[in-house]
Amino acid sequence: MSVLKIEDLQVSVETEQGTKQILRGVDLTVGEGETHAIMGPNGSGKSTLAYAIAGHPKYHVEGGSVTLDGEEMLDKSVDERARAGLFLAMQYPVEIPGVSVSNFLRTAKTAIDGEAPAIRGWIKDLDASMKALRMDKSFRERNVNEGFSGGEKKRNEILQLELLKPKFAVLDETDSGLDVDALKIVSEGVNRAKENTGLGILLITHYNRILRYVKPDFVHVFVAGKVAEQGGPELAVRLENEGYDRFLADTTVG
Amino acid sequence: MAAPQISETDQPAAPLIDRPDPAQHGLQAHSDGGSAFVPVQTRSERFTSTSPDDFEAVTGREFEWKFVPLAKVAHLISDAVDGSPTAFSYTENGGATVDWIDRTNALIGSAGAPEERASANAWSSAEKALHILVTGEDGQETVIRRDRFDGSARAAHVVIEAAPNSKGTVILEHAGDANLAENVEIVVGDNAQLTVVTVQEWDDSAIHLSSHFARIGRDANLKHVIVSLGGSVVRVNPSFHLVEQGASIDSFGLYFADAGQYFEQRPYVDHVAANTRSRVNYKGALQGEGAHTVWVGDVLIGPHADGTDSYEQNRNLVLSEGTRADSIPNLEIETGNILGAGHASSTGRFDDEQLFYLQSRGITEEEARRLVVRGFLAEIIQQIGSETLEARLSQAIEVELLAAQATE
């Protein structure tokens, strides 16, 4: 059983006003095949958690650890973490001019697996995943994220999730900006990845809506850089009804 | 280590800089108060002559010479150069003929005339001109390989002629050592579609000053591509004269300057006739101490060029410290009745977010950088339209990237 373990994670970021502490001791354990929803108000540090796990250079780890099956991830470069089995579906995927989706995917797959995929099987997998995500074949020859709509970008993220087969994925507000049809397609992709590979998921979201399609096993409420409360799926329902007010009463959101 | 000097220019319709002595072509100083007023000179009135002595001695302060490492090229500007024909090789096909013509041939001078001293020096020294005549209509490719120059100072003259209604590609490949000043005239007949690609893969020691002059006929299109990857000082300055209605030019450039290399290109698009179209797109990468590139893009939309559609851009990607990219777009518009005229210029470093994105998919930093640069330059390579050459240039850029990373 694979385990992603986050312990006492403290992270700061450089801002124009100086160094700002964002995460103030986060503890989370995600087991293989589990789905953990991370919810919380704006500015509570949800996206910082996502980027810190992936190793974005803008975020400075001040303390704590993130281990995958006992192996420390925080000492590793961004690409080493990905090759160890971590994946981040980004909220705002960037454009890579002149690099086609198919070239990018093949390069990434080769990097993750340590060898080039067998051509025939690869094309078959690619076609199947694209079809399931309702992505036209012409996407393969388009440049990565260039001219993609918001929904197309998110589908392209989930396409990578399906093809690269990580052990754990952080989905950073993958549902934001999607209409309900696109949300269903994306959610189905996440569920397929989970069924096929036993993917463990950290699902960061601002809204309850996606939890109807991707069922969480656990819900964690993030407030002011740490987990303020956790529970089962019923907690998400309660949050939908009550909002975050009761967490914010005696806290200053940074 | 010095920080990279990044120059970014995006100003509207700046007047072009004068040559040193305006009196030379009849401009008189203003008499209204004797202030230091410099009359605006349109690009079309720049002085031209085929005789080097008609030009002032070059000091390095002139706009056309101010960026060039003058010590390395001074002999090509002011000394005698050997203008005898130099051997070359070419692939034979049915679409074109290749021969030498005399300098008295009427074709000589039909596409333009020198605007600076090195060009005039080459013009007056070249004994014969290499004449490539494209007559085929099937888009055949003629490759001229010029790799038999040596280190001695040489002058050359090339005339590429596309017969009316013809369609073809001429590729000028340059390799080995060189110390060459030359003029290349391109005459595109009515309704012809010509592609001219000049590839500079010289040895590190090579000096190459080249002026291209193109006259583009009615409803004709020239696609012109400059690729500079190797050489010490390589300057290729093309002028495109859209002299008949419906003429169009697609001007592309790709350069990759390593440590100590100087690459310059100054495309000039001259919209003379009505309903002419131009697109200029140059992209460059710079890596290593002292790598220096210069792009000056002039577009002149003349008083009779109604319905002109024009856009020029230059983008530079700075890959390391200690490099310098100069990028200067100039736009002169003499008629209000045009479809469009735009320009863009940017010089920047790697986008950290692009690298993060690629690395987060398991791709190493080195490979991510190569992907980004390759992607950046691919836009130009894909325009060439010769599969063989595209594949070879992609490979050559790969080698540049690997070599650059190995020395980091």
Side-chain angles (χ1 to χ4, degrees), chain A residues 50-59 73 76-101 103-115 141-146 153 156-157 159-161 163-167 169-170 172, chain B residues 227 252-256 281-285 313-319 344 346-384 390-391 393-395 397-398 400-402 405 408:
Chain A
Y51 280 112
I53 293 171
H56 193 290
K58 200 176 118 189
Y59 298 88
M73 292 291 113
K76 293 179 183 293
S77 64
V78 176
D79 49 301
E80 286 170 341
R81 295 180 202 198
R83 292 198 295 275
L86 295 181
F87 182 88
L88 169 61
M90 311 224 183
Q91 189 178 355
Y92 303 110
V94 295
E95 297 179 359
I96 319 276
V99 179
S100 70
V101 168
N103 180 19
F104 164 62
L105 290 173
R106 201 176 51 247
T107 306
K109 184 66 177 169
T110 304
I112 296 278
D113 291 0
E115 58 178 2
E141 300 316 315
R142 289 174 67 180
N143 292 332
V144 177
N145 293 321
E146 208 175 67
K153 284 182 183 171
N156 189 36
E157 293 295 287
L159 176 65
Q160 295 166 49
L161 174 69
L163 293 168
L164 300 181
K165 303 187 184 356
K167 290 178 180 155
V170 181
D172 187 13
Chain B
V227 180
F252 297 102
L254 183 166
Y255 44 93
F256 195 135
N281 189 4
Y282 282 62
K283 283 186 153 187
Q313 72 166 340
N314 172 228
R315 308 231 177 260
N316 296 297
L317 187 55
V318 173
L319 308 182
S346 72
T347 298
R349 292 163 173 277
F350 270 116
D351 182 337
D352 288 340
E353 296 301 325
Q354 288 180 350
L355 293 181
F356 173 70
Y357 189 77
L358 293 168
Q359 283 186 263
S360 78
R361 289 352 180 198
I363 299 165
T364 62
E365 186 180 346
E366 293 71 33
E367 192 168 8
R369 285 175 180 272
R370 286 203 300 274
L371 262 182
V372 170
V373 179
R374 216 190 281 148
F376 175 77
L377 298 175
E379 189 191 355
I380 305 297
I381 292 187
Q382 287 161 3
Q383 293 294 338
I384 291 173
E390 285 180 14
L393 289 176
S394 296
Q395 184 60 34
I397 285 167
E398 207 69 7
E400 293 262 345
L401 286 167
L402 288 170
Q405 285 182 345
E408 262 177 16

>> Please classify the contact of A:Pro93 with chain B as side chain, backbone, both or neither, using a heavy-atom distance under 4.5 Å.
In response: both
> Are A:Val78 and B:Leu355 close enough, and set up right, to give a side chain to side chain contact (heavy atoms under 4.5 Å, CB included), and what steps lead you there?
Replying inline: CA-CA 10 Å; A:Val78 176; B:Leu355 293 181; over 6 Å; no
> Which residues pass the salt bridge (Lys or Arg N to Asp or Glu O under 4.0 Å) test with B:Arg374, sequence neighbours left out?
Replying inline: B:Glu398
> Tell me, side chain or backbone of B:Phe376 under 4.5 Å from chain A's heavy atoms, or both, or neither?
Replying inline: backbone
> Would A:Val94 and B:Phe356 count as a side chain to side chain contact (heavy atoms under 4.5 Å, CB included) if you check the C-alpha gap in whole Å, the side-chain angles of each, and the deciding distance to 0.1 Å?
Replying inline: CA-CA 9 Å; A:Val94 295; B:Phe356 173 70; over 6 Å; no
> Is it the side chain or the backbone of B:Glu367 that comes within 4.5 Å of chain A heavy atoms, both, or neither?
Replying inline: side chain
>> Using heavy-atom distances under 4.5 Å, tell me whether A:Asn143 contacts chain B through its side chain, its backbone, both, or neither.
In response: neither
>> Restricting to non-hydrogen atoms, name the atom on B:Ala378 and the atom on A:Gly98 that form the minimum distance, rounded to 0.1 Å.
In response: CB-O, 4.2 Å
> Is it the side chain or the backbone of A:Leu88 that comes within 4.5 Å of chain B heavy atoms, both, or neither?
Replying inline: both
> Below 4.5 Å, heavy atoms only, C-beta onward: do A:Arg81 and B:Gln359 meet side chain to side chain?
Replying inline: no
> Given a strict heavy-atom distance threshold of 4.5 Å, which part of B:Gln354 is in contact with chain A: side chain, backbone, both, or neither?
Replying inline: both
> Which residues pass the salt bridge (Lys or Arg N to Asp or Glu O under 4.0 Å) test with A:Asp113, sequence neighbours left out?
Replying inline: A:Lys109
> Considering only heavy atoms from C-beta outward, does the side chain of A:Ile96 approach that of B:Leu358 to under 4.5 Å?
Replying inline: yes
> Considering only heavy atoms, which portion of A:Glu95 lies under 4.5 Å from any heavy atom of chain B: side chain, backbone, both, or neither?
Replying inline: backbone
